[in-house]
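As structure tokens, the structure follows; a few thoughts come after it.
FYI, the numbering just counts along the sequence from 1.
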Amino acid sequence: MLFTNGPVQMESLSSDGWDIGCTGVGGVFAGVLGYDALVLGSSNTDDGTQYVFARNDSDIVKAGKGHNSLSDEIYGDADSWKGKSILCNTGSVTQYVLIKVLEGFGLTVDDVNFIAMDPATAYSAFLAGEGDVCVLTGSGGTFKMLAESDKYTPVASGPMADSGLMCSFVANKNSYADPDKYEAMKVFMEVYFKTMDWMKENKEKAIDYCVDMNDENGSSMDRETTAKYLEADTYYTLQEACGMLNDKAEGSDNTVMDQRLLDVLDFFISVGNYKEGDQERFVGHTDGKLLNEVLTETAN
């Protein structure tokens, strides 16, 4: 079953509408905090299509690289970013990336002129000359703007900002407690990670499948853009996914996966999407038992 976004996907959990699924951080938090769902592990990074653009003649671009503590690849310095009008979706992962970039300059959102717009509207407005900077994601115009390097410069991105955004596997708690469905979930996970290995070895065929899938679902995408989508994010191996579930984050008692999710949750709390205390509610909703069993069984 396909859903338009993570929160909508999680709404059907109230009626046991599905057993296991994959979703972004918005769906993870909606599922855990709203419907007591379980997070079984992470599947891939989810920041490869999030970009921050400025026009080529911007003083941000002219200031060059090497002045941001997060990455030497980010353009600008504190002075060139101060006061800039920035088109960006509010309370979203794109705003999270922007805040991370600004923090790398020692700045906050209060140091810029933040103009709330969804990515598609921000893209159109930026083309029309509005704003100094725009933050885009996915189908909101990222790849179209990347293709116009004679006009626009990608001054930052999700990976440059080390956002830690991920998609994760989420399970219906009732289904997870059912022995038969639990075993079926293990089969699904095994097949999923085998498929990831196959995609890496058969990139052209994977593109074909993705193009066909988008056509069938009414969201057609040309082959060149599809190829860029498939390369934009990192898809974890089974070993990597289990490592994030088992290893502690640096300087924390939380696992690597939990800490990355909690960092993003802190941001959503700061902008009012969630409330203080939700961090504690989130802890304990990660269960690595199933994925670790899949790793052990496939190794044998």
Side-chain angles (χ1 to χ4, degrees), residues 1-3 5-47 93 163-199 233-249 252-265 268 274 278-300:
M1 294 181 288
L2 292 176
F3 296 87
N5 58 59
V8 170
Q9 177 184 2
M10 296 305 150
E11 286 177 10
S12 66
L13 274 183
S14 60
S15 58
D16 287 336
W18 50 271
D19 303 306
I20 188 171
C22 191
T23 187
V25 290
V28 168
F29 298 141
V32 169
L33 299 174
Y35 302 98
D36 206 24
L38 293 173
V39 186
L40 306 186
S42 290
S43 57
N44 57 277
T45 63
D46 194 27
D47 59 5
V93 291
S163 70
L165 294 168
M166 304 176 298
C167 287
S168 299
F169 299 106
V170 174
N172 182 324
K173 205 169 186 178
N174 295 331
S175 303
Y176 194 77
D178 182 309
D180 291 334
K181 289 188 175 182
Y182 180 89
E183 289 301 317
M185 290 182 191
K186 286 168 64 175
V187 174
F188 164 73
M189 286 291 201
E190 182 180 347
V191 174
Y192 172 88
F193 283 103
K194 283 184 177 179
T195 303
M196 292 299 101
D197 293 337
W198 178 88
M199 287 174 61
D233 284 299
T234 299
Y235 291 83
Y236 304 129
T237 64
L238 177 57
Q239 291 79 6
E240 289 170 336
C242 287
M244 293 167 61
L245 279 167
N246 301 327
D247 298 339
K248 298 292 185 182
S252 171
D253 290 331
N254 297 314
T255 66
V256 171
M257 189 191 76
D258 276 353
Q259 191 58 55
R260 289 182 181 177
L261 289 170
L262 286 168
D263 286 345
V264 182
L265 180 56
F268 280 122
Y274 290 97
D278 282 341
Q279 301 100 320
E280 288 73 21
R281 292 179 58 215
F282 181 84
V283 173
H285 282 81
T286 298
D287 193 323
K289 179 175 178 286
L290 184 144
L291 212 57
N292 282 314
E293 287 182 2
V294 173
L295 178 62
T296 300
E297 292 174 12
T298 54
N300 296 332

Partners of [X] by ring-ring contact (aromatic ring centres under 6.0 Å, His included), sequence neighbours excluded?
X    : result
F282 : F29
Y192 : F169
Y235 : none

Across all chains, not counting sequence neighbours, the side-chain contact (heavy atoms from CB on, under 4.5 Å) partners of S168 are V28, V39, S42

side-chain contact (heavy atoms from CB on, under 4.5 Å) involving E11 - partner list, sequence neighbours excluded: Y35

Evaluate the side-chain proximity of [Y] to [X]: yes if any heavy-atom separation is below 4.5 Å, no if none is.
X    : Y    : value
N44  : M196 : no
L261 : V32  : no
L291 : L238 : yes
V93  : D46  : no
M244 : R260 : yes

State the [atom1]-[atom2] distance between [X] and [Y], to the nearest 0.5 angstrom.
X    : Y    : atom1 : atom2 : value
N174 : L13  : CG    : CG    : 9.0 Å
L262 : N254 : CG    : CG    : 5.5 Å
L290 : L295 : CG    : CG    : 11.5 Å
N246 : Q239 : CG    : CD    : 12.0 Å
Q279 : D263 : CD    : CG    : 10.5 Å

Can you name the residues that form a side chain to side chain donor-acceptor pair (under 3.5 Å) with Y182, not counting sequence neighbours? K289, E293

Grab the two heavy atoms, one from [X] and one from [Y], that are nearest each other, plus how far apart they are.
X    : Y    : answer
Q259 : A249 : CB-CB, 3.7 Å
K181 : D19  : NZ-OD1, 3.2 Å
D178 : D180 : OD1-N, 2.9 Å
M10  : T23  : CE-CG2, 3.6 Å
A241 : F193 : CB-CZ, 4.0 Å
T286 : M257 : CG2-CE, 3.3 Å

Under 3.5 Å, is there a donor-acceptor pair between the side chain of [X] and the main chain of [Y]?
X    : Y    : answer
K248 : D253 : yes
S43  : C167 : yes
T45  : D47  : no
N172 : W18  : yes

Could you go through the side-chain contact (heavy atoms from CB on, under 4.5 Å) check for L40 and Y176 one step at a time? CA-CA 10 Å; L40 306 186; Y176 194 77; 3.5 Å; yes

Could D278 and R281 be called an ion pair, given the rule that one side-chain N must be under 4.0 Å from one carboxylate O? yes

Would you please test L33 and L265 for side-chain contact (heavy atoms from CB on, under 4.5 Å) and show each step? CA-CA 11 Å; L33 299 174; L265 180 56; 4.2 Å; yes

